[in-house]
Structures are given as C-alpha cells and as structure tokens.
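Accompanying notes for the structure given below.
Order of the sequence lines fixes the chain letters, A, B, ..., with proteins taken first and strands second; residue numbering starts at 1 for each chain.
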Amino acid sequence: MEIPKTYSPQSVEGHWYQAWLDRGFFRSRPNPAKEPYTITMPPPNVTGVLHMGHMLNNTIQDVLIRRARMQGKEALWVPGTDHASIATEAKVVAMLKEQGISKRDITREQFLEHAFAWKDKYGGIILEQLKKLGASCDWERTRFTMEPKLTEAVLKVFVDLYQKGHIYRGIRMVNWDPEGRTAIADDEVIAKEMPMKMFYLRYAVVDPKGDEAEYVTVATSRPETIMADVAVCFNPADDRYQWLRGRKLRIPLFDKEIPAIFDDYVAMDFGTGALKVTPAHDLNDYELGLRHGLPVVDVIHEDGTLTEAAGPYAGLDRFVVRKQIAKDLKAADLLDKIDDYQTSVSTSERTGAVIEPKLSLQWFLKMEPFKERALEAVMSDEVKLNPPKFKNMYRTWMENVRDWCISRQLWWGQRIPAYYLEDGRFVVAETDTQALVEARKLTGNPTLQMDQLRQDDDVLDTWFSSWLWPISVFDGFDDPENADIKYYYPTNDLVTAPEILFFWVARMIIAGQEWRGSVPFKNVYLTGIVRDAQGRKMSKSLGNSPDPLDLIAEFGADAVRTGMLFSSPAGNDLLYDQKLVEQGRNFNNKLWNAFRLLRGWEVAPDAPQSAAARLAGEWFGAKLNQAIAQLDADFAEYRLSDALMTVYKLTWDDFCSTYLELIKPPYGAPIDAATLAEASDFLETLLRVLHPFTPFLTEEIWHLLKPRADREYCCVAPWPTPAPTDAAFLTRFDRALDVVQAVRNQRAAKGLSPNLALPLVAKDGAALAGLEPVVQKLANVSTLTVGDAPAGAVPVVAGGTELALVLPEGSFDAEAERARLNKDIEYTRGFLGSVDKKLSNEKFVANAKPEILEAERKKQADALSKIAQLEAQLAAL
RNA sequence: GGGGUGUUAGCUCAGCUGGUUCAGAGCACCUGCCUUACAAGCAGGGGGUCACUGGUUCGAACCCAGUACGCCCCACCA
C-alpha cells in the first residue's frame with residue numbers, strides 16, 4: 001500500500017478520537033491500586049465559543065493529563081461549563097430584544113424559560129469543540145454550575161456560612177452596573193484611563209457680606225449630580241475658605257442651600273480646594289457624609305437615568321444630563337471653565353458600562369475569617385503558583401481583601417435562599433419547606449403559610465458557585481464521604497489565566513479549606529494571554545483572532561497544539577503567529593516521513609548489522625534516555641515549551657538527521673532485521689513521548705507500525721523511564737559529528753557534491769577510534785586512514801582532531817588554504833593572549849577555585865598545541 | 001500614587017549557586033542542492049557592547065545602586 005508523502009490529519013483525527021472514547025480511555029473511576037491525578041477544567045461559559053485562549057489553556061491541560069495517564073496514574077480530567085450569570089443573562093436579554101421582548105415585560109419564570117431554551121440550544125457547543133482539539137476529558141462526568149446538584153451545593157454553602165455568621169445583609173456603597181442593572185464585586189471593576197472634562201461651577205454664597213466673594217468655584221467631573229449635593233467641603237487648614245465656616249452655599253441652577261463643611265479629606269492643591277459632597281454617588285463622599293451627619297440624596301436610577309429629584313433632567317441618562325447641564329450652566333453664567341483631563345474611570349468587567357457607585361441593600365460574605373489561612377496556603381507553597389511571581393500579587397490581594405458582595409440583581413443564577421416575612425424579618429434555608437419551618441419557629445406562628453413568605457429576588461454571584469467547583473464536581477457537599485471526592489480530592493493541577501487568580505483561584509482555596517479542610521489543588525499553572533504577532537490582544541473588533549476550528553481543519557489539531565506550545569512559558573503572553581502552527585505541521589510531517597522511510601525498507605533476514613548502524617543504535621539509545629530524563633525535568637517545572645522543544649530536537653535532529661541517515665542502507669539495498677527492529681523500537685518510544693503533544697498523529701503511526709500486542713493504543717502506552725547514559729561515549733560521538741560537519745563544510749565551501757566520496761586522513765587515530773564508520777557514512781568518506789596529510793589535501797581541524805581531506809585533482813587552492821590557516825592562527829593567538837593575561841594575574845591565581853584554575857591552564861595548553869598544529873599545516877602547504 | 005516584574009540575535013525566548021555547556025535554542029535570513037522518507041525538505045553559513053551608567057569582585061548577562069523604556073497588579077483625589 002502506498003503511503004502518502006504528506007500526513008493528512010483530517011482523515012484520521014475523528015476516527016482516533018472516537019476510538020479513544022469507545023475504549024473508555026478517558027473514563028476514570030477511583031482505583032486504589034493507582035495514584036490519582038486530577039484536573040478540573042476551568043468551566044467555560046456555557047454559551048461560549050472556543051477562542052484562542054481556550055485553545056492554549058486546554059492544550060496545556062491535555063498534555064498534562066495525557067502524560068499522567070501514560071505514567072500509569074489514574075488520570076481524570078473533569079469537564080464542565082459555567083452558567084456565567086451576568087454574561088449569559090446579557091446575551092438572553094439581547095436575544096429577547098431582537099424578538100421585540102423586553103425583560104421588564106415578562107415574569108421571572110418566563111425569562112428563565114427563555115434562558116434555559118437558549119442554554120439548551122447553545123450550551124455545550126464549546127465542549128464539542130474541545131473534542132476536536134483532542135481533549136481527553138471524562139465526558140461522562142461533565143458538570144454544569146447551575147445543574148440541580150450543584151445548585152443544592154451552593155444553597156447549602158450559603159446557609160452554612162449564614163449560620164456561621166459570615167454572611168450578612170446590609171446597605172453599602174456598591175459598584176452598580178447600569179447596563180447589567182446589577183451590583184458587581186470590587187474585582188469585577190476595571191479602571192480605564194479615559195479623557196474627561198473637569199467642570200468649574202459657581203456655588204453662590206448665601207447672604208454675602210460686604211466685600212465677600214459672591215460665589216465659590218467648585219471643580220467636578222460630574223456636574224450631572226449637583227442636585228444630589230448635600231454640602232461643599234474644604235480643608236480645615238485652607239486659609240482661602242475660613243470665612244465660609246458656618247455659612248451656606250447654593251447649588252447652581254437648583255438654588256438649594258447646602259452647608260459649607262470642613263474635613264481633612266479634601267486636598268488643598270487639587271481643583272479649587274472645594275469639593276462638592278454627593279454621598280449617594282461617590283464612596284468618599286458617602287463616608288464624608290457619615291462623618292458629618294449629612295443626608296443622602298439619590299438621583300440616579302438603576303438604569304443610569306436620573307430620578308424625579310433631578311427636576312427637569314429626570315428620566316434622562318446621566319451622560320446626556322452631563323452635557324445638557326454643562327450647557328445650561330454656561331447659559332446661566334454659572335460655569336467658570338471646562339478643562340480637559342485624564343483620569344481613570346471604573347467600568348464593568350462584564351458589560352463594559354461605566355460603574356455608578358450606588359447605595360443599595362446587598363448580601364456580603366465576610367473575608368476576614370478566611371484570609372489568613374488562604375494566604376498561608378500559597379505563601380507556604382502548599383498551593384504552588386507557577387510562575388511564582390504571582391505569589392506577591394496573591395499576597396497583596398489577600399491582605400487587602402474586602403467583603404465579597406455576593407448578590408446580583410439578575411434572574412439567571414442561583415436565587416438567594418433568604419425568605420422575608422411581611423414585617424421585614426427573614427429566614428435563610430435551603431428549601432421552601434425548610435424556610436417555612438424556620439419562619440414558623442421565628443414568628444411562633446404554627447399556621448404561617450408559604451404565601452406569606454417572599455424569597456429574595458436576587459441571585460448569587462457566579463463565582464459563588466464556581467468557587468466550589470473542585471468539590472462540587474465530585475458531589476462533595478451532597479455526600480462528603482463519597483468515594484470520588486475521597487479519591488480525587490485534592491486535585492493536582494489547575495491551569496488558568498492570571499486574570500481570575502482572585503475571582504476564582506483564591507476563593508477556591510478558601511472553599512477547599514472551609515469545607516474539606518484542605519486546599520483544592522497542589523499546583524496552579526497560570527497561562528498568559530494569547531495576543532497576535534504584534535502583541536495586540538485578540539479581539540473581535542480587530543478581527544485578529546483566528547477561528548480555532550478553521551485552524552484545526554486546515555492544519556490539524558496536533559499542529560495547532562504544538563503551535564500554541566512552541567512559545568508559551570508559564571505566565572508569559574503568547575504572541576500567536578500562524579507560522580507557529582505551520583511549524584507544527586511541518587514537524588508532524590517530518591515524523592510522518594520518518595515512519596515512511598522505515599516502512600519502505602526491504603528486510604534482509606540474514607544480513608549482518610553494519611558497524612555504522614550498530615554505533616548509531618548505541619548512540620541514539622543514549623540520546624533517547626538523555627532526552628527522557630530532560631523531559632521529566634521539564635515537566636517537573638512545568639516548562640512545557642522546553643519539553644516540546646526537547647522532543648522536537650530529539651525527533652528531528654537526532655532521530656531523523658543523524659540516526660536514520662546512519663542506518664540507511666545504500667539505495668535499493670535491504671536493511672538487516674536487527675537494525676530495523678531496533679529502529680522501530682526507537683520510533684515507538686518516540687511516539688510515546690510525543691503523544692501528549694501530538695496525540696492524533698502518534699496514534700495513527702502507532703497503529704501503522706503495529707507495535708507489541710500488549711500495547712494496542714499509544715494513548716495508554718506506558719511513559720518511558722530513562723536509563724543511565726554513557727556520557728563519555730556521547731561526548732566522543734559528538735566529536736565525530738564535529739568532524740562530519742567540518743568535512744561537509746569543506747565540501748560546501750569548495751562546491752563539491754555530497755555524492756562524491758572523498759578520502760580522509762587522520763593524523764592521529766585515537767580521537768576517532770571506533771567511530772570511523774560514523775564519519776565515513778555521514779561525511780561520505782571513501783577511505784579513512786591514519787597518517788600524515790598527503791600533498792594537496794585540505795587540513796581540517798575539528799573536535800580536537802587533526803585531519804586532511806583529499807580533494808579531487810585540480811580543486812585545491814594553496815593560497816586560499818594559507819589565508820584560512822593564518823586567520824585561524826591569529827584568532828587562536830588572541831585567545832591565548834587573554835588566557836595568559838588571566839593566568840599572570842596574581843590575584844586570580846590566588847583566589848580562583850582550583851578547578852577553574854585548572855581549566856584555564858588546560859585552555860592555555862590547548863591553544864598552544866593548536867597553534868603548533870596550524871603552523872605545521874601551514875609549513876606543509 | 002503604591003507594589004511587582006522585565007529589557008540577551010531580525011522575532012519569540014533559554015541561560016539554575018558569578019568562572020568551559022558563556023554568549024545559546026527555535027523561527028526568520030543568506031548560499032548551494034527538485035540526492036530515490038520528507039522542498040512542509042537536505043547540507044552549509046552569517047547575525048548580539050546581554051537597555052544605559054556607575055559600583056562590588058581576580059573575574060559580571062548573572063550581585064548592588066541609579067537612569068531610560070516596557071508590561072502586570074493594586075489604588076477613593078473631586
């Protein structure tokens with residue numbers, strides 16, 4: 001059967017993926033005889049589609065899990081999706097809007113119906129896409145953060161925390177997202193530098209006396225909130241404003257009188273030193289208001305429009321009002337000036353809307369009870385962050401963590417299990433029935449009915465379910481002693497983006513400690529962000545993000561996987577370039593062709609093994625062992641790019657360029673059986689170490705190669721263990737390869753065909769002893785003899801060996817050779833000079849370590865002898 | 001504003017305790033090759049004052065200080 005010249009992934013990937021599934025290779029069940037190795041996938045948004053970030057993240061996880069599986073561990077990768085409360089709700093709202101339905105016009109139940117329909121339609125697409133990448137998850141264990149069991153866990157945890165006194169409800173200044181119409185947590189706020197305007201407004205002084213100024217100029221970036229002002233504040237030490245003590249000012253346009261107050265908070269050197277105080281719409285002002293006993297005037301609705309309190313501006317959006325009010329102020333001559341200035345504006349991580357600080361009634365989780373333990377876990381490396389530079393970030397965050405606002409004014413999510421009585425009191429319980437029991441207890445009224453209880457309308461923050469993920473996927477809340485959780489928890493590695501180190505990783509650590517008494521994972525591998533070749537973030541609007549599925553279709557999953565991994569050290573951003581994927585494809589093709597070469601050879605059963613082939617086998621076996629040891633070291637430090645490069649070079653340079661060239665029989669000649677068997681074994685081992693990176697290709701070749709009967713699938717073949725290597729032999733072999741390269745160099749320089757066999761004469765046979773066949777074969781040397789250089793031969797010095805290459809008649813140019821040798825001599829003398837200088841430095845000789853000193857002396861001796869050699873060659877010409 | 005981190009070849013990055021794995025790898029580039037596994041290839045080759053300045057040391061890409069530029073995280077100056 002003819003094997004095609006190029007590997008075509010499209011025709012094999014689907015087949016092997018199905019075969020793996022059919023065989024249940026990705027399934028895992030607790031097995032006490034084996035060591036567990038577990039990864040829980042960071043659940044992508046249920047309605048999301050695969051992007052390059054997922055590709056990187058999941059490729060890394062698959063490499064880790066596949067290697068663990070081959071190492072004989074009970075490897076489990078749990079997949080799943082996240083309900084992504086605000087993001088999904090926003091999508092559903094948008095979809096309804098297209099259909100002409102407004103969320104406000106439908107009931108919660110109707111909305112949820114639409115939402116579930118949406119989720120059923122688009123949910124899980126992303127998991128199907130991951131299969132194309134080769135992700136070896138146990139799909140039977142796929143979980144969803146809002147499925148009934150996981151919701152139960154969330155409610156249980158809420159009640160538990162409430163009973164422990166860690167959850168409270170209160171009016172606080174929260175970050176309000178007017179687009180999502182919900183509160184969001186501090187971490188979900190992103191500060192963005194934006195050009196802003198600073199307005200200088202005139203606040204008239206009430207009853208100015210004689211020579212007093214008639215107004216005070218106040219700088220603000222938010223003129224739309226002036227009607228909510230309750231005071232103007234000055235620094236108590238500010239001499240410019242002392243006369244205003246006990247006085248009142250008038251809000252421009254509104255003529256409302258407000259007091260002048262004094263507080264250290266105000267900076268004298270910023271703006272005009274006068275601050276308008278708006279407690280309802282600014283956190284600092286709120287605190288200022290508390291200190292001075294000021295009222296709170298709320299003028300902004302949940303959707304960002306102004307309330308009735310705004311008078312003529314009621315009903316308009318805050319940004320519209322900003323412009324309008326500026327115009328009106330100007331018209332009324334109440335505006336001194338407008339300056340441009342740059343400041344950071346808070347925006348919502350999910351919707352991008354500008355955040356309004358807003359007072360509202362929300363649920364909070366205290367962080368104080370958890371922070372110390374969670375900090376300790378990372379600082380002591382109980383949870384190891386990779387790269388470790390993130391430890392500092394984690395520490396800063398944990399030390400300054402504030403209470404977590406866990407309620408969201410949304411419908412898509414887990415509804416807060418708090419039930420209110422008509423008198424405002426409430427009970428917290430996992431179920432309606434339980435709530436009723438509690439409520440009856442609370443009120444002492446045994447006839448209280450369900451319809452007299454009203455459940456809280458809010459849902460919980462998405463992270464309030466995802467922080468339980470490593471436990472809840474094993475039903476560890478439902479049944480804390482079940483076999484799965486006891487076996488798989490704590491998990492081994494978590495692979496995720498640094499952006500959610502606080503949102504998610506830190507909180508999972510807290511949850512693990514709180515409910516399992518131990519951290520949820522041992523290692524956290526933090527990936528970088530995937531950017532384009534110019535370093536820009538991938539984004540839809542830039543159109544610089546390729547569709548991962550198109551890439552897989554064009555180049556194959558293996559090529560994409562290796563392309564992602566070629567240059568992505570942990571914590572570093574990955575500058576994606578299609579060239580990397582092409583490099584991956586080329587590499588796959590190289591391996592494919594190596595297999596084709598082996599497959600194409602005729603076997604001569606009785607032929608003896610050539611000396612070159614025997615040496616090649618001895619050498620490659622050692623290289624292989626060396627590489628496996630290196631790989632294990634790379635993996636131990638999560639240096640996946642380095643690990644890939646190790647196998648890449650092993651395959652391409654060592655196996656293909658050197659080993660296969662050495663064992664290759666003359667054209668048309670058969671190969672001896674022993675060599676072919678050994679070569680097949682080597683290839684088989686190569687496939688095994690490559691499999692985590694390129695699972696499809698290796699599985700394909702594996703089956704074409706038909707290895708041992710007990711190793712039917714590469715996917716579950718054992719990961720090789722390294723044997724000790726003969727370092728001295730490898731060093732000698734390297735020297736022989738240096739000679740080969742030097743000879744080839746001479747050929748290239750002289751324009752001689754590599755097919756023309758030339759005689760080579762070595763001055764001293766010792767250095768190459770035993771390796772002559774290697775040099776002969778690779779350098780295409782006709783005869784390799786020991787003796788003095790014959791006339792007309794080109795001197796070649798390589799690997800400490802002095803040789804001469806006999807050129808064909810007429811191609812020897814004595815003048816050029818002299819020039820070359822002179823240049824070499826000059827360089828070596830310069831080198832010798834620097835060594836001499838060092839050795840004549842008394843302080844160096846006195847202080848340097850003995851082995852360093854010895855090395856320098858050897859350098860000196862070597863240089864001297866090399867110069868002598870070169871001079872002798874020069875004389876001989 | 002505070003903290004962290006980085007700057008090594010055209011690009012992306014290694015370089016562990018200062019000294020023979022000290023100046024490396026992959027890609028790109030240049031020169032030859034359509035050689036019967038592979039042109040998605042083969043052979044050979046050329047690229048770097050290790051950001052800058054000073055210091056410590058017999059010796060610095062590596063340690064220290066400062067400067068410049070970059071990135072990241074945190075932060076309530078209207």
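Taking only side-chain atoms of A:Asn589, from C-beta outward, the nucleotide of B:G26, B:G45, B:C38 with the closest atom is B:C38. The side chain of A:Met393 approaches B:C73 more closely than any other nucleotide in the set B:C73, B:A40, B:G26. In the set B:G45, B:C42, B:A78, B:A78 carries the atom at the smallest distance from any side-chain atom of A:Val266. Of the candidate nucleotides B:G44, B:A40, B:C77, B:G44 has the atom lying nearest to any side-chain atom of A:Gln741. Which of B:C42, B:G45, B:A37 sits closest to the side chain of A:Trp652 comes down to B:C42. Listed nucleotides: B:A78, B:A25, B:C76. Nearest to the side chain of A:Met645: B:A25.
Among the atoms of the strands shown, base atoms are found under 4.0 Å from some heavy atom of A:Leu275. A:Thr278 comes within contact range of no nucleotide atom at all, as no heavy-atom separation falls under 4.0 Å. Using a 4.0 Å heavy-atom cutoff across all strands shown, A:Gly556 reaches no nucleic acid atom at all. Within 4.0 Å of A:Tyr286, counting heavy atoms only, lies no atom of the nucleic acid at all.
Distances shorter than 4.0 Å separate none of the side-chain N or O atoms of A:Arg585 from OP1 or OP2 on B:A40. One finds a side-chain N or O of A:Lys5 lying less than 4.0 angstrom from the OP1 or OP2 phosphate oxygen of B:A39. Residue A:Lys664 places at least one side-chain N or O under 4.0 Å from the OP1 or OP2 atom of B:A37.
Residues A:Asp654 and A:Lys649 are not paired through a salt bridge, judged by the lack of any N-O separation under 4.0 Å between the basic side chain and the carboxylate.
Residue A:Glu602 qualifies as open at atom CD: its count of foreign heavy atoms under 6.0 Å is 12 or below.
Each of A:Lys843 and A:Glu582 was matched to the nucleotide of RNA chain B holding its nearest heavy atom; the match closer to the 5' end belongs to A:Glu582.
The base of B:C38 sits within donor-acceptor range of the side chain of A:Lys590, with an N or O pair under 3.5 Å. In this model, no side-chain donor or acceptor of A:Asn841 finds a partner on the base of B:C58 within 3.5 Å. Side-chain N/O atoms of A:Glu661 and base N/O atoms of B:A37 include a donor-acceptor pair closer than 3.5 Å.
For A:Thr562 (side chain) and A:Thr694 (main-chain N/O), no donor-acceptor pair under 3.5 Å exists by modelled atom type.
Applying the 90° cutoff around 0 to the glycosidic angle, B:U20 is assigned syn. Base orientation of B:G47: syn, the glycosidic angle falling within 90° of 0.
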Filtered N/O pairs between nucleotides 30-32 of chain B and protein, under 3.5 Å:
none

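Under 3.5 Å, the side chains of A:Asp836 and A:Gln860 contain a donor-acceptor pair of N or O atoms. A donor and an acceptor atom, one from each side chain of A:Tyr203 and A:Asp229, are located under 3.5 Å apart.
Between A:Phe566 and A:Tyr648, the two ring planes are perpendicular [angle over 60°; tilted spans 30° to 60°]. Under the 30°/60° scheme for interplanar angles, the aromatic rings of A:Phe682 and A:Tyr659 are found to stand perpendicular.
Summarising the geometry of A:Lys5 relative to A:Asn593, their closest heavy-atom pair is O-ND2, 3.1 Å, with the distance given to 0.1 Å.
In RNA chain B, runs of at least 3 stacked Watson-Crick or G-U pairs (N1-N3 plus N6-O4 or O6-N4, or N1-O2 plus O6-N3, all under 3.5 Å) give these stems: B:1-7 with B:68-74, B:10-13 with B:24-27, B:29-33 with B:41-45, B:51-55 with B:63-67.
The distance between atom OH of A:Tyr7 and atom C1' of B:A37, rounded to the nearest whole Å, is 17 Å.
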Counting primed atoms plus P, OP1 and OP2 as sugar-phosphate and everything else as base, spell out the protein contacts along nucleotides 5-24 of chain B at 4.0 Å heavy-atom distance: B, S or - for each nucleotide, 5' to 3'.
-------SSSS---BB----

